[in-house]
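Residue numbers begin at 1 in each chain, while the letters A, B, ... track the order of the sequences.
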Amino acid sequence: MKEDTGKKILFALGVLFILVFCLVPFIWMLIISFNERADFIVNIGSQLTTKNYIDILRLDNLHFLDYLRNSIIIAGAAALLSGFIGALAAYAVSRISFPGKILLVFAVLSMSMFPQISIVGYLYKFMAALGWINTYQALILPYVSWSLPLALWIMMSYFSQIPYELDKAAQIDGASKLQTLTKIIFPITLPGFLSTILLLLMFAFNEFLFALMLTIDYRTRTVPVGIALFQGLHGELPWGYIMAAAVISCIPVIAIALVFQKHIIQGLTRGAVKQ
Amino acid sequence: MKYYKLSIILYILCILFSNCSQEPPTLTFAIGGAPSEVEYWEILIKKFKEKSNISVKILRQPTDTDQRRQGLVIPLKAKKKDPDVFLMDVIWVGQFAASDWLQPLAHYINKDTLNVDVFFQSIIEQVDMYNKKLVALPVYIDCGLLYYRKDLLEKYGCVIPETWDDLIHCAQIIQKHEKKENPQFRGFVWQGAQYEGLICTFLEFAVSHRGGIVDKNGNIVINCKENIEALELMKNMIHSYKISPPNTFTEMKEEEVRLFFDAGNALFERNWPYAWSLHEREDSPVQGKIAITLLPKTADGKNAAALGGWHIGISKYSDNKDNAWELVKFIIAYETQKELTLNLGWNPGRSDIYDDSEIKENVPHIAVLKKAFEYTAARPNLPYYTQLSEILQRHINACLSGKLSAHKALFQSQKEIERIVDIYHVSNQ
Amino acid sequence: MKVNREFKEALLFVAPLVIFISFFILLPICGTFWTSLWQDVAFISKKFIGLENYVRLLSDRHFWQSTYFTLLFPLISVSLEMFFGMIFALVLNETFRFRGILRGISLIPWAIPSIVGARIWQLIYRYDYGLANLFLKMFGIQSINWLGSPVGAFSALVLADVWRTTPFVAIILLAGLQTVPNDIYDQAQVDGSNFVQRFFKITLPLIKPIVIIALLFRTIDAIRVFDLIYVITEGGPGGVTTSLSLYGYKFFLLGDFGYGSTVSVILFLISFIIALTYIKVGRIRTSIL
């Protein structure tokens, strides 16, 4: 019984630690975003306010809504494309045996280990030559490619759980491989596919280095770059705006994290653990 | 269903070509900066269109200066026709001219018999002439100034400092007393973070010690007695005199410095002219209590104010150079420059505007500015200046953080910069 | 005949993936290698110089300093992340009422954009009104310029990174813990060993493969660290916290694509070697197929 009490105390401490560790910086961000001044603790006289939020949503020249729109379009398009392309390839890999399959999977998976910096320099020149700097496709296409290893990996683990008999049955009925995938297999893995899309969305929404190099202004700039380069006329840091923008851009991701917590954890760990 | 993949490919092609709509052949003018500035440029461009019937498309650039340069370098390097006209930071002019991207302007100036003498001649010589050719013209000029609290100097019976020793002495006395009531109070705040502004501060300290970055013969001499003394002084202000805050070398950029002084926490401030109108705004705690003067020097040194600002140039690859010149002419014209001064608070490159009665009335401190512009110290006009600056920033910042001695920092900078010169210069011949 | 048809089908299925990856990852990688053999500077005419850029690296002190940072940073931060991640995972693996919510909360630091995390920590470390110094002030300790000393700036970055990625490690480890059947513990409990002993004797060996996978992911990710540094220290003070990613980026920004590519190639090779080492030493086998 003594061990049980010890364990309980340790467990409670652990829970407390997780809460403090994860939430304190986050709460600090919330507090700043609702204050007139970031230095409110040393400068008395700062008041609670929602001005920061109203300003970044209203003032056109802060362009926050533009950043948000760009991010949603870019991340959305990239996640969907990458999800579909990844699913197609994953299906082939898990169902059809063809020469070079293992090599292909290994090659694609190892792509995710490349440092972004080793491709972004050339990508910049490439996009500049095409005149694509500061366009949506300049980000969507690399994002799709960059997240494909992840998409492939997760979808492969989902497909491998579906009994092969289903495919056989469908094929006996005369369905082609593509029809089998879209009509039979895909609907079964739909929850898995959705959690993959969620992960890809977060991945593309949070990306920074590509967006930093390949965009120029509010027409294509995404939220992370906007937040990193949020500056006043002479380089001052408008902390209130920055934190308000940060909170708003966190809301969708956090909502997804809390609501789909199970799916995300499942998606992330699917590939890692062979059950 | 068979066409499923095809539709994906079609979709991609659609995105790819959606941006390729044809633009009418107009001038492209690359402009960056804060949104409010860009918006004002839009108004100016409209006026230009009414006047000359030449339409201009504004190419919006990022706020960040390095990214702005990159945004120009790429099309120029690719010999693109656009942009036709652009603004350059003073420190880019050398790089752009060395790359032969700038259209020499002498021909147009002679054709229109334009008087170039109205500009500050020292600035034209230091920045806009490259290999004896005029390649750019100043639109907006900037220089380092010393802001001080008149009320505090008076209260403690101090005079306006002319030398660094005066400044330190005065700052130490006043800081000691003021700290009792305001523990945050510091004598002198300046830009010490690792960024381009640090080079400006360093240059001012160095030149006021009779040092500098480039010697009379055009050689880069960083590691010299005068510069070591200057850097030593900067370091001591933080670590031994303690009149500058400990975060000087981590966080202090223009605005951090400005806000610190603005809150009434400092006696002296080194900053650019823009800070004036912000300190003097209605709800500023220091409103009415401040004045500006030249930055101090050593007893036998000379005054120095680092030169900043933006210059206008025409791309050599422009397919529309005559119209481009019309635009340049419009922007540097007396009327436009005056409007820029009144509306954006830009200090014009034309010296005649400083004597304009309306300007004098609206911008009373402009007289001090005119005087300061006579002491400008320009950063070297070299194609590889940005690389040089990066090395210097890193070492000076390391010295300010206490990691390197002044001597070692400058010795290492000199060595690294000589390598850079080897790599970028020799191969340029 | 059938094999042939299947092969063709498979080809169609994987074609989009192969096209995308070839154009936007493989081609740029090769392009970077190729560019690193050129003097490709904005204001100088382009020139093939072979390995000269690589020779330049040898005597570039700042490059070596950045390499040192790039290797030390993952070593420290990943070790801490594994430690805290394990604690998280052990707690979250227990059965209790608000487990779902706590799991969701623990995901927050990882889910929000890394730039947002970096901005928050930048504000926490501020000298004059940062949270860290306010905390010190409560105990009457003098304010510290956290980002002002090499050690301080390094630790500040490590802490911010640990905060951000511990949840990720925890999730991966949690998945491992869930595969450990409960009856193994019952057996051990009968033998009289306590829960700490049980963890080291039973749990850890069982989840070792997954620990190595988590290590691999995190190390590779920490080696290419960019976002955090870009915002929090900008590589300072005096350049001591510059990672190779940031160093390479600086050269791209300065207009020297040749040398920037050379730095990037080195970082690429470092990640490659480390990944291979993990795979060899950890004997990661693909059970996926």
Just how far is it from atom [atom1] of [X] to atom [atom2] of [Y], taken to the nearest 0.5 Å?
{"X": "C:Ile87", "Y": "C:Leu92", "atom1": "CD1", "atom2": "CG", "result": "11.5 Å"}
{"X": "C:Phe199", "Y": "C:Leu90", "atom1": "CZ", "atom2": "CG", "result": "5.0 Å"}
{"X": "A:Arg95", "Y": "A:Gln171", "atom1": "CZ", "atom2": "CD", "result": "9.5 Å"}
{"X": "A:Leu104", "Y": "A:Leu109", "atom1": "CG", "atom2": "CG", "result": "9.0 Å"}
{"X": "A:Leu258", "Y": "C:Ile105", "atom1": "CG", "atom2": "CD1", "result": "7.0 Å"}
{"X": "A:Ile248", "Y": "A:Ile227", "atom1": "CD1", "atom2": "CD1", "result": "9.5 Å"}

Which residue out of [options] racks up the most heavy-atom pairs below 4.5 Å with chain C?
{"options": "A:Ser145, A:Ser82, A:Ala92, A:Ala87", "answer": "A:Ser145"}
{"options": "A:Leu23, A:Leu212, A:Val24", "answer": "A:Leu212"}
{"options": "A:Ser94, A:Ala151, A:Gly121, A:Ala246", "answer": "A:Gly121"}
{"options": "A:Phe126, A:Trp146, A:Phe114, A:Phe98", "answer": "A:Phe114"}
{"options": "A:Ala90, A:Ala245, A:Pro99", "answer": "A:Pro99"}
{"options": "A:Glu207, A:Met111, A:Met202", "answer": "A:Met111"}

Practice task
Verify the neighbour count for atom CZ of C:Phe135: are there more than 12 heavy atoms of other residues, nucleotides or ligands below 6.0 Å?
Solution key: no

Problem - Atom CZ of A:Phe17 with >12 non-hydrogen neighbours under 6.0 angstrom - result: yes

If I measure from the heavy atoms of chain A, does [X] come under 4.5 Å with its side chain, its backbone, both, or neither?
{"X": "C:Phe268", "result": "both"}
{"X": "C:Arg164", "result": "neither"}
{"X": "C:Ser22", "result": "neither"}
{"X": "C:Asn133", "result": "neither"}

Exercise for the section: Determine, stepwise, if the pair A:Phe203 / A:Tyr143 fulfils ring-ring contact (aromatic ring centres under 6.0 Å, His included). Expected result: CA-CA 9 Å; A:Phe203 185 88; A:Tyr143 281 4; 7.9 Å; no

Does any backbone or side-chain atom of [X] lie under 4.5 Å from a heavy atom of chain C? Answer side chain, backbone, both or neither.
{"X": "A:Ile18", "result": "both"}
{"X": "A:Phe21", "result": "both"}
{"X": "A:Ile242", "result": "side chain"}
{"X": "A:Tyr124", "result": "side chain"}
{"X": "A:Met113", "result": "both"}
{"X": "A:Leu199", "result": "side chain"}
{"X": "A:Leu229", "result": "both"}
{"X": "A:Ser112", "result": "backbone"}

Tell me which of these, [options], has more heavy-atom pairs under 4.5 Å with chain A than the rest.
{"options": "C:Gly100, C:Gly248, C:Pro167, C:Gly260", "result": "C:Gly100"}
{"options": "C:Ile220, C:Val263, C:Ile120, C:Leu244", "result": "C:Ile120"}
{"options": "C:Leu107, C:Ile223, C:Val265", "result": "C:Leu107"}
{"options": "C:Phe98, C:Phe84, C:Trp34, C:Phe88", "result": "C:Phe88"}
{"options": "C:Phe272, C:Tyr230, C:Phe168", "result": "C:Tyr230"}
{"options": "C:Phe257, C:Phe33, C:Phe23, C:Phe251", "result": "C:Phe257"}

pair [X]-[Y]: side-chain heavy atoms closer than 4.5 Å:
{"X": "C:Leu174", "Y": "C:Arg103", "answer": "yes"}
{"X": "C:Ile124", "Y": "A:Pro25", "answer": "yes"}
{"X": "A:Phe230", "Y": "A:Pro238", "answer": "yes"}

Practice task
Please work out which of the three classes, parallel, tilted or perpendicular, describes the rings of A:Tyr91 and A:Phe159, given edges at 30° and 60°.
Solution key: perpendicular

Handout entry: Neighbourhood of chain A inside residues 25-32 of chain C, taking heavy atoms under 4.5 Å as contact
Key = C:Ile25, C:Leu26, C:Leu27, C:Pro28, C:Ile29, C:Gly31, C:Thr32

Exercise for the section: Before giving the answer on side-chain hydrogen bond (donor to acceptor under 3.5 Å, both in side chains), spell out for C:Tyr278 and C:Thr219 the whole-Å C-alpha distance, their side-chain angles and the decisive distance to 0.1 Å. Expected result: CA-CA 10 Å; C:Tyr278 269 117; C:Thr219 312; 2.9 Å; yes

Exercise for the section: State, without any angle test, whether C:Thr165 and C:Glu81 hold a side-chain donor-acceptor pair at a distance under 3.5 Å. Expected result: yes

Handout entry: Check: A:Gln116 side chain, A:Val120 main-chain N or O, donor-acceptor pair, under 3.5 Å
Key = no

Practice task
With C:Arg119 as the cation and A:Trp239 as the aromatic partner, state whether NZ or CZ is under 6.0 Å from the six-membered ring centre and within 45° of the axis.
Solution key: yes

Practice task
Write down the atom of C:Arg224, the atom of C:Ser245, and the distance for their closest heavy-atom approach.
Solution key: O-OG, 3.2 Å

